[in-house]
There are 2 protein chains.
Amino acid sequence: MASNVKELNEYWTDIYFHLHYPHTEKISHQVIRILQLVEKKEEIGVNEVATYLHISHNTASEHVKRMVEKNLLIKERGLLDERKVLLHLTKVGKDVLHRNTSLDEEKLEQVMNQLADKEKEIIEQAFKILSERAKTCL
Amino acid sequence: MASNVKELNEYWTDIYFHLHYPHTEKISHQVIRILQLVEKKEEIGVNEVATYLHISHNTASEHVKRMVEKNLLIKERGLLDERKVLLHLTKVGKDVLHRNTSLDEEKLEQVMNQLADKEKEIIEQAFKILSERAKTCL
DNA sequence: CGATTATATCGTACTATACGATAATATAGA
DNA sequence: TCTATATTATCGTATAGTACGATATAATCG
């Protein structure tokens with residue numbers, strides 16, 4: 001079973017390598033990780049960012065500040081607890097995140113269009129199942 | 001069909017978000033991109049790195065130099081053409097790459113073990129099909 | 001030998017990353 | 001209300017990452 005998982009990972013990295021967007025952007029690693037976190041979680045504040053990246057809260061605060069300056073994030077204060085910050089992606093933030101973590105839509109569509117209907121269906125089902133189950137993990 | 005591709009990307013990013021390894025490493029974005037390139041391609045030299053990352057050849061050369069110093073890459077001179085450099089991953093390089101681009105094997109196995117045999121099969125097939133077709137893209 | 005190709009190095013500049021110390025502000029509890 | 005705690009922000013400082021022009025080295029090609 002372990003070799004099975006390794007095999008899946010090889011497929012996974014092959015897919016990303018061949019279908020990712022070109023690397024034209026000068027974007028840092030931590031910035032992308034923060035964008036990913038903010039996109040997928042609701043109610044994200046500075047402390048959650050710090051915990052997620054295993055960095056101190058002051059460093060996290062500075063990341064957030066710079067990302068707001070660059071118009072990647074929007075900061076809002078919590079309604080119930082005004083100490084808290086609620087982070088959201090801007091349109092620019094969403095675009096940057098997309099180009100750096102998603103599969104290139106043109107390439108993916110091109111590949112999908114080469115497939116038989118049954119194959120397409122298998123892929124859609126597989127991704128759906130795995131994403132749903134992944135969400136319940138831990 | 002376009003919405004289909006967007007849906008797949010949402011599944012894709014959800015899967016990575018929930019199943020990736022924890023972000024404990026202080027590793028830069030360009031370093032990971034270079035590791036990915038070297039892993040997936042044979043006969044990679046400094047110029048290919050520069051082209052792939054859209055950076056100048058001297059910058060690429062310095063990335064490679066630092067990565068060799070950190071024991072992430074091994075440099076070898078081309079047998080036929082000694083001007084060329086051939087890059088390979090070290091064990092450390094492979095490990096770093098794995099922890100930063102693959103799915104966490106424990107988590108993935110945990111998720112897979114919750115699935116019915118038929119679901120497992122669908123996922124394996126889907127990933128296999130997509131990775132094979134992706135390789136023929138462009 | 002001269003031109004080309006592939007890589008390396010030097011100097012320089014700027015950005016990113018990180019943390020300790022400290023501060024500001026909001027909430028919660030005695 | 002006063003104090004403790006929680007959350008975020010800022011300052012000073014240090015180190016590493018990123019990048020490029022200019023220049024150099026070395027191998028190959030014609």
Side-chain angles (χ1 to χ4, degrees), chain A residues 22-38 41-88 92-93 96-97 100, chain B residues 22-38 41-88 92-93 96-97 100:
Chain A
H23 295 318
T24 49
E25 232 146 353
K26 287 173 190 165
I27 184 92
S28 88
H29 205 187
Q30 297 293 60
V31 164
I32 289 177
R33 287 166 166 172
I34 293 170
L35 291 173
Q36 285 178 311
L37 180 66
V38 173
K41 291 265 189 186
E42 325 229 331
E43 295 274 317
I44 276 295
V46 173
N47 259 327
E48 283 88 347
V49 171
T51 305
Y52 183 64
L53 295 182
H54 297 86
I55 57 179
S56 67
H57 53 99
N58 45 11
T59 301
S61 177
E62 290 190 4
H63 276 300
V64 167
K65 186 176 146 195
R66 276 191 299 267
M67 289 172 73
V68 169
E69 281 166 7
K70 285 179 186 162
N71 194 30
L72 297 171
L73 293 181
I74 288 170
K75 248 198 291 197
E76 191 193 356
R77 284 287 170 171
L79 294 175
L80 295 173
D81 185 343
E82 285 204 10
R83 290 172 303 181
K84 272 209 172 177
V85 154
L86 303 181
L87 298 173
H88 306 281
V92 177
V96 168
L97 178 60
N100 283 280
Chain B
H23 295 317
T24 49
E25 233 146 351
K26 287 171 190 169
I27 184 92
S28 87
H29 206 184
Q30 297 293 59
V31 164
I32 290 177
R33 286 166 166 171
I34 293 170
L35 291 174
Q36 284 178 313
L37 181 67
V38 174
K41 292 265 190 186
E42 325 229 330
E43 295 273 319
I44 276 295
V46 173
N47 259 327
E48 283 88 346
V49 171
T51 305
Y52 183 64
L53 295 183
H54 298 85
I55 56 178
S56 68
H57 54 98
N58 44 12
T59 301
S61 176
E62 291 189 4
H63 276 301
V64 167
K65 186 176 146 196
R66 276 191 299 268
M67 288 172 74
V68 169
E69 280 165 7
K70 287 180 186 163
N71 194 31
L72 297 171
L73 293 181
I74 288 169
K75 247 197 294 197
E76 191 193 358
R77 284 285 170 174
L79 295 174
L80 295 171
D81 184 342
E82 286 206 8
R83 291 172 303 181
K84 273 210 173 178
V85 153
L86 303 180
L87 298 173
H88 307 281
V92 177
V96 169
L97 178 60
N100 283 279

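Hydrogens, waters and symmetry mates are skipped; everything else that's a heavy atom, side chains included, is used. Just so it is clear: chains get the letters A, B, ... in the order the sequence lines come, proteins before strands, and each one is counted from 1. Keep in mind that what you see is a predicted model, and the values were worked out from it rather than measured.
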Trainee: Tell me whether the OP1 or OP2 atom of dA9(D) has a side-chain N or O from Arg77(A) closer than 4.0 Å.
Mentor: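 Answer yes for this pair, as a side-chain N or O of Arg77(A) is under 4.0 Å from OP1 or OP2.
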Trainee: Does Arg83(B) make a side-chain donor-acceptor contact with the base of dT7(C), cut-off 3.5 Å?
Mentor: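 Not at all, since no donor on one side and acceptor on the other fall under 3.5 Å apart.
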Trainee: Less than 4.5 Å apart, any side-chain heavy atom of Leu97(A) and any of Leu72(A)?
Mentor: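 Side-chain contact under 4.5 Å: no.
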Trainee: Could you state the atom-to-atom distance from CZ of Arg33(B) to C1' of dT18(D) in whole Å?
Mentor: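 My rounded result for the distance is 12 Å.
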Trainee: Using whole Å, what does the distance between atom C1' of nucleotide dT15(C) and atom NE2 of His29(B) come to?
Mentor: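 Computing the His29(B):NE2 to dT15(C):C1' distance gives 16 Å.
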Trainee: Between atom CD in Glu25(B) and atom P in dA16(C), what is the gap in whole Å?
Mentor: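 It works out to 21 Å between those atoms.
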Trainee: Starting at atom CG of Leu86(A), determine the distance to atom C1' of dT8(D), rounded to an integer number of angstrom.
Mentor: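 So the two atoms are 12 Å apart, to the nearest Å.
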Trainee: Compare all side-chain heavy atoms of His88(A) with those of Leu73(A) and state whether any distance is below 4.5 angstrom.
Mentor: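 His88(A) does not reach Leu73(A) side chain to side chain.
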Trainee: Kindly point out which of dT18(D), dA18(C), dC20(D) is positioned nearest to the side chain of Glu62(B)?
Mentor: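 Selected nucleotide (nearest to the side chain): dC20(D).
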Trainee: Could you state the interatomic distance from CG (Leu53(B)) to NE2 (His29(B)), rounded to the nearest 0.5 Å?
Mentor: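 One gets 9.5 Å once the value is rounded to the nearest 0.5 Å.
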Trainee: Quick check: on DNA chain C, is the nucleotide nearest Gly45(B) upstream (toward 5') of the one nearest Gln30(A), or the reverse? Name the residue that is more 5'.
Mentor: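 In this pair, the answer is Gly45(B).
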Trainee: Looking only at side-chain atoms of Ser28(B), point me to the closest of dG17(D), dC19(C), dA26(C).
Mentor: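 That would be dG17(D).
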Trainee: Check every atom of dT7(D), dC20(D), dT7(C) against the side chain of Asn58(B) and return the nucleotide holding the closest atom.
Mentor: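 Among the listed nucleotides, the one closest to the side chain of Asn58(B) is dC20(D).
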Trainee: Report yes if a side-chain nitrogen or oxygen of Lys70(B) is closer than 4.0 Å to either non-bridging phosphate oxygen (OP1 or OP2) of dG17(D); otherwise report no.
Mentor: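 Checking Lys70(B) against dG17(D): at least one side-chain N or O falls below 4.0 Å of OP1 or OP2.
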Trainee: Just how far, in rounded Å, is C1' of dA24(C) from NE2 of His57(A)?
Mentor: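 One finds 13 Å between C1' of dA24(C) and NE2 of His57(A), rounded.
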Trainee: How long is the line joining CD of Glu82(A) and P of dA9(D), in whole Å?
Mentor: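 Spelled out: CD on Glu82(A) to P on dA9(D) is 13 Å.
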Trainee: Between dT18(D) atom C1' and Ile27(B) atom CD1, what is the distance in whole Å?
Mentor: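 So the two atoms are 14 Å apart, to the nearest Å.
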Trainee: Apply the side chain to side chain donor-acceptor pair (under 3.5 Å) test between Asp81(B) and each candidate in Arg77(B), Lys84(B), Arg83(B); give the one that qualifies.
Mentor: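 Running side chain to side chain donor-acceptor pair (under 3.5 Å) over Arg77(B), Lys84(B), Arg83(B) with Asp81(B) returns exactly one hit, Arg83(B).
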Trainee: Within the structure shown, what part of the strands sits under 4.0 Å from Leu80(A) by heavy-atom distance: base, sugar-phosphate, or nothing?
Mentor: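 Sugar-phosphate, no base atom in range.
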Trainee: Looking at dA8(C), I'd like to know if its phosphate oxygens (OP1 or OP2) sit under 4.0 Å from a side-chain N or O belonging to Ser61(B).
Mentor: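 Yes, such a contact exists.
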Trainee: Select one nucleotide: of dG17(D), dT17(C), dT7(C), the one nearest the side-chain heavy atoms of Lys84(B).
Mentor: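 Looking only at heavy atoms from C-beta outward on Lys84(B), the closest nucleotide is dT7(C).
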Trainee: Picking from dT7(D), dA8(C), dA18(C), which would you name as closest to the side chain of His63(A)?
Mentor: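 Looking only at heavy atoms from C-beta outward on His63(A), the closest nucleotide is dA18(C).
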Trainee: Hey, which of these two, Lys26(A) or Ser56(A), hits DNA chain C nearer its 5' end, going by closest nucleotide?
Mentor: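 Between the two, 5'-proximity favours Lys26(A).
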Trainee: Distance-only, no hydrogens or angles: does the Glu48(A) side chain make a donor-acceptor pair with backbone N or O of Gly45(A) under 3.5 Å?
Mentor: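 Yes.
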Trainee: Just N and O in the side chain of Thr59(B): are any of them under 4.0 Å from OP1 or OP2 of dC20(D)?
Mentor: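 Checking Thr59(B) against dC20(D): at least one side-chain N or O falls below 4.0 Å of OP1 or OP2.
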Trainee: Check whether any side-chain N or O of Lys75(A) sits under 4.0 Å from OP1 or OP2 of dA9(D), and answer yes or no.
Mentor: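 For Lys75(A), the contact criterion (side-chain N or O under 4.0 Å from OP1 or OP2 of dA9(D)) is met.
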Trainee: What is the ring orientation for His23(B) with Tyr52(A), classed by angle as parallel under 30°, tilted 30 to 60°, or perpendicular over 60°?
Mentor: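 Rings of His23(B) and Tyr52(A): perpendicular, over 60°.
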Trainee: Send over the distance from Leu72(B) CG to dG17(D) P, rounded to a whole Å.
Mentor: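 To the nearest whole Å, that distance equals 10 Å.
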Trainee: Looking only at the side chain of Asp81(A) (C-beta and beyond, no hydrogens), which of the listed nucleotides dA26(C), dT7(C), dC20(D) gets closest?
Mentor: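 Comparing dA26(C), dT7(C), dC20(D) against the side chain of Asp81(A), the answer is dA26(C).
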